[in-house]
Asks: 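First the structure, which I've put down as structure tokens, then a few questions once you've had a look.
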Amino acid sequence: MDAHEVNRARAKLALFVADVFASVSRKDQRAKGDCYLRGLMLDGRRKSIQPMAERLPDGNEQNLQQFVNQSTWDPVPVRRRIAQRMVPRIGPDAWVVDDVSFPKDGKMSVAVARQYCGALGKRANCQVAVSVHAVSDAASCPLQWRLFVPQEWADDAGRRQKTGIPQEVGHREKWRLALDSIDELATWNLVPPVVVADAGYGQNADFRDGLEGRGIGYVVAIRSDVSVHPHDARPAAPAWSGNGPRPQSRYRDKPSSVAALAAGRGRQAFSEVTWREGSRGPMRSRFSALRVRPAGVRARRLAQAAAMAEHGHWDGVLPEVTLLAEWPEGAEAPTDYWLSNLPADTPIAELVRLAKIRWRIEHDYRELKHGLGLDHFEGRSWNGWHHHVTLVTAAHAFLTEQRLAPKADTADSPSIRSSTPSRTC
């Protein structure tokens, strides 16, 4: 946005800030929040504090530095209000779990470590955050953020103290951070219609089991080497000799990889599905859906634990889910795979649409990063990082509102208490 566009939106922005930052008790801090959001939305290559302050007529670098890095205002109620405001407006078809990386120099930025950096496509010095987004084909909005704390930071008292990591925060796997975020959103009376995630999460049997245990449907990507049994496979136990414990029921045939199982069905089992209209025309490919039973040591142990907890015994039967596979025209074999616990009669077109809906957050991440400076924060502290991503989320939410209702003459503040989402969970 240029200065003229920002000035035209000042009245709406003021009402937006008054609502979203209502939990921030001090008027001067809310004014700084308004100023910071305008800085993020103004045109300019760099969205760190110094260049933003120079572009703003009321920008004061010292005040903004204090507001973001030293101030004690709590970002959680702000994110809660953004989420409660935006979910009814977006009417999400799914929540997308993802993670995003921030390349960094040095080792003193909070939670920085040498790890896989998606922004660079290789291992590098970076921060990583886990995010949850409400998504429809028309819009999306981040609902929650969790900064990943690598193991090397868990017991590094010096760096923890310098960056202000709370004592109760330690190393926690990304899939657990995603479930933590979903749990916190549930305390805000927000529940996903379905969860979508890439293979970094979908590959993990514990993550899928965590969603299943919460009663949440999912469509998650997996790698081609995930092992499964056909849905009609049944475990069997050898005849008991009468001595010793009875043998357990097990699947006697070895499981297949999803790649082998899907390819073995042949091209004729795949049909064309169109999932949305792209900039160059309909987005379509060839897909097949079949029922399978995920195998592997971890899947088996989780199934056994769940059965023992509920029934006190386990008959050896692994849970049944849907495998969705894509075999594009011209490809020599299937290329992509997803698992879903949605009802078996879910139309394949709906499975495909949900599997592909992650495109929306990739689109919005370009705005969050390149347009709003999500990865431009130069501070090093825990509080500063969380303040910055919350402010970027607020700026993105405001712009999303304007796109969804560009001619609206009111900046009312719908909440889940007074508005009905377009899709119930």
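Values below: every heavy atom of this structure, side chains too, minus hydrogens, waters and symmetry copies.
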Asks: Test ring pair (Phe, Tyr, Trp, His ring centres under 6.0 Å) on W175 and Y201 and set out the steps.
Replies: CA-CA 6 Å; W175 66 268; Y201 296 88; 9.4 Å; no

Asks: Would you say that more than 12 heavy atoms from the other residues, nucleotides or ligands in this model lie under 6.0 Å from the CG of D105, or not?
Replies: no

Asks: Say whether, by atom type as modelled, one donor and one acceptor occur between the side chain of R30 and the main chain of V24 under 3.5 angstrom.
Replies: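 Between the backbone of V24 and the side chain of R30 there is a qualifying donor-acceptor contact (under 3.5 Å).
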
Asks: Within the structure provided, determine whether H231 and L290 are in side-chain contact (heavy-atom separation under 4.5 Å).
Replies: no

Asks: Who passes salt bridge (charged side-chain N to carboxylate O under 4.0 Å, His left out) against E272, sequence neighbours left out?
Replies: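 Salt bridge (charged side-chain N to carboxylate O under 4.0 Å, His left out) list for E272, sorted by chain: R284.
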
Asks: Between atom CZ of R80 and atom CG of L143, what is the distance when rounded to the nearest 0.5 Å?
Replies: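 Between R80 CZ and L143 CG, I get 13.0 Å after rounding to 0.5 Å.
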
Asks: Report the relative orientation of the aromatic rings in Y251 and H229; use parallel for angles under 30°, tilted for 30 to 60°, perpendicular for over 60°.
Replies: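 Rings of Y251 and H229: parallel, under 30°.
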
Asks: Between H396 and V392, is there a donor-acceptor pair closer than 3.5 Å when you use the side chain of the first and the backbone of the second?
Replies: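 No.
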
Asks: So S224 and Y337, do their side chains get closer than 4.5 Å, heavy atoms only?
Replies: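 Sidechains of S224 and Y337: in contact.
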
Asks: Would a distance-only check, ignoring hydrogens and angles, find a side-chain to backbone donor-acceptor pair under 3.5 Å from W385 to V389?
Replies: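 No, the answer is negative, given that no donor and acceptor are paired below the 3.5 Å cut-off.
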
Asks: Hey, does the side chain of R214 reach the backbone of G210 with a donor-acceptor pair shorter than 3.5 angstrom?
Replies: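 Side chain of R214 to backbone of G210, a donor-acceptor pair under 3.5 Å: yes, one is there.
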
Asks: Could you check whether any side-chain N or O of R353 sits under 3.5 Å from a backbone N or O of R276, counting only pairs where one atom can act as donor and the other as acceptor?
Replies: no

Asks: Check whether any side-chain heavy atom of V135 lies under 4.5 Å from a side-chain heavy atom of D93, and answer yes or no.
Replies: no

Asks: Taking only Lys NZ, Arg NE, NH1 and NH2, and the carboxylate oxygens of Asp or Glu, determine whether D180 and R146 approach each other closer than 4.0 Å.
Replies: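 No, no charged N to carboxylate O under 4.0 Å.
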
Asks: Taking C-beta and beyond as the side chain, do L64 and C35 meet within less than 4.5 Å on heavy atoms?
Replies: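 A side-chain contact exists here, since the closest heavy-atom pair is under 4.5 Å.
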
Asks: Describe, in one word, how the ring planes of W359 and H363 are oriented to each other, choosing from parallel (under 30°), tilted (30 to 60°) and perpendicular (over 60°).
Replies: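 Rings of W359 and H363: perpendicular, as their planes differ by over 60°.
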
Asks: Parallel, tilted or perpendicular: which describes the rings of W145 and Y365, with under 30° parallel and over 60° perpendicular?
Replies: perpendicular

Asks: Quick one, L399 and L372 - any side-chain contact, counting heavy atoms below 4.5 Å?
Replies: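 Yes, close enough: below the 4.5 Å cut-off.
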
Asks: Quick one: does any side-chain atom of W73 pair with a main-chain N or O of F67 as donor and acceptor, under 3.5 Å?
Replies: yes

Asks: Please check if the side chain of D99 supplies one atom and the backbone of K174 the other of a donor-acceptor pair under 3.5 Å.
Replies: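 Pair absent, no side-chain N/O of D99 close to backbone of K174.
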
Asks: Just checking, any donor-acceptor pair under 3.5 angstrom between side chains of R291 and T322?
Replies: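 Looking only at side-chain atoms, T322 and R291 do form a donor-acceptor pair, the distance falling under 3.5 Å.
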
Asks: Closer than 3.5 angstrom, by distance alone: can the side chain of S71 be matched with the main-chain N or O of V68 as a donor-acceptor pair?
Replies: no

Asks: Kindly assign one of parallel, tilted or perpendicular to the pair Y36 and H388, based on the angle between their ring planes and the thresholds 30° and 60°.
Replies: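 Answer is perpendicular, since the angle exceeds 60°.
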
Asks: Quick check: are there more than 12 heavy atoms from other residues, nucleotides or ligands sitting under 6.0 Å from CD of E277?
Replies: yes

Asks: Determine the minimum heavy-atom distance between P92 and P193, stating which atoms define it.
Replies: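 Closest pair (atom of P92, atom of P193, distance): O-CG, 3.6 Å.
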
Asks: How long is the gap from CG on L368 to NE2 on H133, to the nearest 0.5 Å?
Replies: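 Between atom CG of L368 and atom NE2 of H133 there are 7.5 Å.
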
Asks: Under 4.5 Å between any side-chain heavy atoms of R208 and N341, yes or no?
Replies: no

Asks: Check whether any side-chain N or O of R159 sits under 3.5 Å from a backbone N or O of K107 as a donor-acceptor pair, and report yes or no.
Replies: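 Yes, because the side chain of R159 sits within donor-acceptor range (under 3.5 Å) of the backbone of K107.
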
Asks: Any chance you could lay out the ring pair (Phe, Tyr, Trp, His ring centres under 6.0 Å) test for H171 and F148, step after step, and finish with the verdict?
Replies: CA-CA 7 Å; H171 170 71; F148 173 69; 5.5 Å; yes

Asks: Donor-acceptor check, side chain of R380 to backbone of V110, threshold 3.5 angstrom: yes or no?
Replies: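 Looks like no, no N/O pair under 3.5 Å.
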
Asks: Tell me every residue that passes side chain to side chain donor-acceptor pair (under 3.5 Å) with D74, counting only those two or more places apart in sequence or in another chain.
Replies: none

Asks: Do F287 and L324 come close enough that some side-chain heavy atom pair is under 4.5 Å?
Replies: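 Yes, side chains in contact.
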
Asks: Does a donor on one side chain sit under 3.5 Å from an acceptor on the other, for Q115 and R123?
Replies: no

Asks: Taking R267 first and then E329, would you say they form a salt bridge - that is, a charged N and a carboxylate O separated by under 4.0 Å?
Replies: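 Salt bridge flag = no for E329 with R267.
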
Asks: Got a sec: does the CZ of R55 have more than 12 other heavy atoms crowding it under 6.0 Å?
Replies: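 Counting other residues, nucleotides and ligands, CZ of R55 exceeds 12 neighbours.
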
